[in-house]
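Notes follow the structure.
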Amino acid sequence: MSKFRERVFSGVQPTGGVHIGNYLGAIKRFVAMQETHECIYCVVDLHAITIWLDPRELEAGIRMITAAFIAAGINPKSHIVFNQSQVAEHAELAWVFNCVARMGWLNRMTQFKEKAGKDRENASVGLFAYPNLMAADILAYRATHVPVGEDQKQHLELARDIAQKFNTDFAERIAALGYGEAFFPLPEPLIQGPATRVMSLRDGTKKMSKSDASDYSRINLTDDAETVAQKIRKAKTDPEPLPTEVAGLEARPEADNLVGMFAALDDVTKAEVLKEFGGGQFSRFKAALADLAVAKLGPIRAEMQRLQNDTAYLDGVLAEGSHRARALARPTMDAIKDIVGLVRQRS
Ligand code: TYM
């Protein structure tokens, strides 16, 4: 048994909309975890500014993700929903972690390489240090479980390395101040379900992404029913009928992706989907997938729209959530200051 109480933390960036990959890989699973855990869900706006973003788009994006969280079923009264920049402890702890993490560790981050592209010299320092801020998000609450999509795995491993190094570097001090053997838990990534990596609808070997130039590559939570159905109809497939067994999806990335999306939307396994559609043509399966996607996403879209028209309500949720988040993060940050030896005011 760990001495740390189980606590869930996760975040979504308020950049460029929100797609079915974010929903199935993360947000839908955030909703489910509310049943069993104390959860903290964060709109990570400080992460969003690591790449230039129009301020008006950022404001709208923060409210959009907040609306998506609530419309999908996150309850901001029983759990915490807030935006990162309103809790200064995230940035404060990130600085400490900038001094714990090693250049070599960050140099290995594949997401930085992808996002910075060829022009690394011109990438912001924030983009490089991004994973340290992510570790701070999680560890400011000493969170133990982090539901994310597959693409965040490496960042979560780094967060564990940072927690471990902090615990080791300051072991004596941690023990002397009465925190026992470890101050931070090693947060566990929860990468589960049939849609941990939803792929582009245009190319089954590429991750579905907010930044893909083609809007036909993704289904946005803001797409209307006709658009969702059309995108699924046009999704790339291969000429073979669907396989009857899951093993038959290997080396068929587009088929695998659509079957995974169906399974995740319907809360069943890929095997169950293939039991129904295996051996059949894509046309019938795609029609069923479109109906299912519209049935599941339609109500979320409608509720998002309603909420986005009520900015006073959304801003109130974020203010209240930030207040509650800060009440948890501040004592942790004070303890960290004591451990590191940063003299602070005492009330
Ligand atoms: P972000 O905003 O890119 O994505 C939010 C969540 O959606 C998941 N995701 C996907 N899942 C399946 N298929 C896809 N195609 C897909 N695309 C995105 C992501 O894995 C993520 O769970 N660095 C994070 C945000 C973050 C964070 C944190 C997460 C900041 N601090 C602390 C957890 C804990 C990010 O950029 O996610």
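Whatever order the structure lists ligands and atoms in, that order sets their numbers, starting from 1.
The pair Arg346-Asp334 does not meet the salt-bridge criterion, since no charged nitrogen lies less than 4.0 angstrom from a carboxylate oxygen. The residues Glu226 and Arg233 are annotated as salt-bridged, a charged nitrogen and a carboxylate oxygen being separated by less than 4.0 angstrom.
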From CA spacing to verdict: side chain to side chain contact (heavy atoms under 4.5 Å, CB included), Ile300, Tyr23: CA-CA 10 Å; Ile300 297 176; Tyr23 176 62; 3.5 Å; yes
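Other residues, nucleotides and ligands place more than 12 heavy atoms under 6.0 Å from the CD atom of Gln230.
Protein residues with any heavy atom under 4.0 Å from ligand 1: Phe9, Ser10, Gly11, Val12, Gln13, His19, Gly21, Asn22, Gly25, Ala26, Val44, His47, Tyr130, Met134, Asp137, Ile138, Val146, Val148, Gly149, Asp151, Gln152, Ala195, Thr196, Arg197, Val198, Lys207, Met208, Lys210.
Between Phe166 and Phe183, the two ring planes are tilted [angle within 30° to 60°].
The one candidate from His145, Glu38, His37 that meets the side chain to side chain donor-acceptor pair (under 3.5 Å) condition with Arg7 is Glu38.
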